[in-house]
Amino acid sequence: MAGILVSIAAIAYLLGSIPAGYIAGRIAGVDIRKLGSGNVGATNVTRVLGKRFGYPVFLVDFAKGLGAVLIALVIARTATRSAAFVDFCAAMAALFSVIGHSYPIWLRFEGGKGVATAMGSLFGLNWIGAVVMCIVWLTVFQVTRYVSLASIAAAAALPITIAIMLGLKQVQSPILFYFALFLGGIVIFRHRSNLSRLLKGTEPRFDRK
């Protein structure tokens, strides 16, 4: 089983580390790391290059997380009938896809904030939690126009949602809760500079276009 875990972690990390934002920038003839916030995520790509590049980057980042979980489910279910082991493999794949996105080996471990990839992976794990996360993100963003605040709020809401579902017996294993707690922590940690700017009142809003 150890070999399966290592394989799933490696596949998920490498899939998550595909630098869609950086590639989009190169297609547009720029190094996105030197423009805007310097981040390779979909938000900065959209700000700098517009929706034509930003939206496809978001979709690719989302697909990386979802794809990692689906691949892990296929591998784990082929190897065992243990539901707990399958759940663990899926959660681990989700986590490593976000780590890969946030710390890609191809860009000297300087990647995006992980929100789109986290959402994609969560849809593969538990669609109800994913929908709640999306609703929180959209609500906070529409009210404040701060992408970073919406992402932080969604990340914080994720483990709370899974904990409630666990208490209501809608989730059978606590594995998903621990994953949600750790994943939410990674996303919030990646937004620490944004949080500092929010507290200082210097964080830029996402303008309507």
Side-chain angles (χ1 to χ4, degrees), residues 1-27 31-33 39-45 56-127 129-130 133 151 154-155 158-159 162 171-192:
M1 293 300 180
I4 293 175
L5 293 175
V6 171
S7 297
I8 288 175
I11 292 170
Y13 174 82
L14 291 174
L15 185 60
S17 69
I18 297 173
Y22 175 78
I23 294 171
R26 285 306 186 188
I27 292 174
D31 186 343
I32 196 66
R33 298 174 298 176
N39 191 270
V40 296
T43 299
N44 191 45
V45 173
V57 167
F58 175 87
L59 290 175
V60 172
D61 288 345
F62 181 95
K64 293 189 303 187
L66 178 60
V69 171
L70 295 180
I71 291 171
L73 287 172
V74 171
I75 294 174
R77 287 170 178 167
T78 301
T80 180
R81 294 183 179 180
S82 171
F85 183 76
V86 171
D87 288 344
F88 182 79
C89 287
M92 186 180 69
L95 183 60
F96 272 87
S97 69
V98 175
I99 292 174
H101 176 80
S102 301
Y103 304 99
I105 190 172
W106 322 112
L107 300 180
R108 298 182 180 179
F109 305 104
E110 290 294 334
K113 301 296 177 67
V115 178
T117 304
M119 284 186 177
S121 66
L122 189 57
F123 266 99
L125 290 170
N126 185 286
W127 69 269
M133 188 178 179
S151 300
L158 175 58
I162 300 302
V171 174
Q172 302 303 317
S173 171
I175 291 174
L176 184 57
F177 168 72
Y178 294 122
F179 154 75
L181 191 65
F182 197 58
L183 179 60
I186 290 177
V187 173
I188 293 173
F189 177 76
R190 292 290 293 165
H191 282 83
R192 61 193 185 281

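- Environment of CZ in Arg77: sparse, with no more than 12 heavy atoms of neighbouring residues, nucleotides or ligands closer than 6.0 Å.
- In this structure, Asn44 contributes its side chain and Asn39 its backbone to a donor-acceptor pair below 3.5 Å.
- To the nearest 0.5 Å, the span separating CG on Leu107 from CD1 on Ile32 amounts to 12.0 Å.
- No side-chain heavy atom of Ile162 sits under 4.5 Å from any side-chain heavy atom of Leu181.
- A 4.5 Å side-chain heavy-atom check between Phe177 and Val171 finds every atom pair outside the cut-off.
- The side-chain heavy atoms of Phe179 and Asp87, taken from C-beta on, include no pair separated by under 4.5 Å.
- Listed here is the closest heavy atom pair of Ala94 and Val69: CB-CG2, 3.7 Å.
- Partners of Thr43 by side chain to side chain donor-acceptor pair (under 3.5 Å), not counting sequence neighbours: none found.
- Leu158 and Ala180 get closest at one heavy-atom pair: CG-CB, 3.7 Å.
- The side-chain contact (heavy atoms from CB on, under 4.5 Å) test with Val98 singles out one residue from Asp61, Val115, Thr117, and that residue is Thr117.
- Atom CD1 of residue Ile8 and atom CE of residue Met92 lie 5.0 Å apart, to the nearest 0.5 angstrom.
- Rounded to the nearest 0.5 angstrom, Leu14 CG and Trp106 CH2 are separated by 6.0 Å.
- Proximity of Ile175 to Phe85: side-chain heavy atoms (C-beta onward) are nowhere separated by under 4.5 Å.
- The closest side-chain heavy-atom distance from Ser97 to Leu15 is not below 4.5 Å.
- Here the side chains of Tyr22 and Asp31 are in contact, with some heavy-atom distance below 4.5 Å.
- Of all heavy-atom pairs between Val74 and Thr78, the closest is O-OG1, 2.7 Å.
- Few gaps surround CZ on Phe109; more than 12 heavy atoms of other groups in view lie less than 6.0 Å from it.
- Of the possible donor and acceptor atoms, one in the side chain of Arg190 sits under 3.5 Å from a partner among the backbone N and O of Gly112.
- Closest approach of Leu125 and Ala90 over heavy atoms only: CD2-CB, 3.4 Å.
- Nearest heavy-atom pair across Ala118 and Val187 is CB-CG2, 4.4 Å.
- The closest side-chain heavy-atom distance from Ser151 to Lys113 is not below 4.5 Å.
- Ile75 CD1 to Thr80 OG1: the interatomic distance, rounded to the nearest 0.5 Å, is 13.5 Å.
- Taking the side chain as every heavy atom from C-beta outward, Leu73 and Val86 approach each other to under 4.5 Å.
- Of all the heavy atoms in Ala93 and Ala72, the pair that sits closest is CB-CB, 3.4 Å.
- Note that CZ of Phe88 and CD1 of Ile4 are 12.5 Å apart. Values are rounded to the nearest 0.5 Å.
- Open room surrounds OH on Tyr178; 12 or fewer heavy atoms of other groups in view lie less than 6.0 Å from it.
- No more than 12 heavy atoms of other residues, nucleotides or ligands shown are found within 6.0 angstrom of CZ on Phe96.
- The environment of Arg81 atom CZ is sparse: at most 12 non-hydrogen atoms of other residues, nucleotides or ligands sit within 6.0 angstrom.
- Between the Lys64 side chain and the Ile18 main chain, a donor and an acceptor come within less than 3.5 Å of each other.
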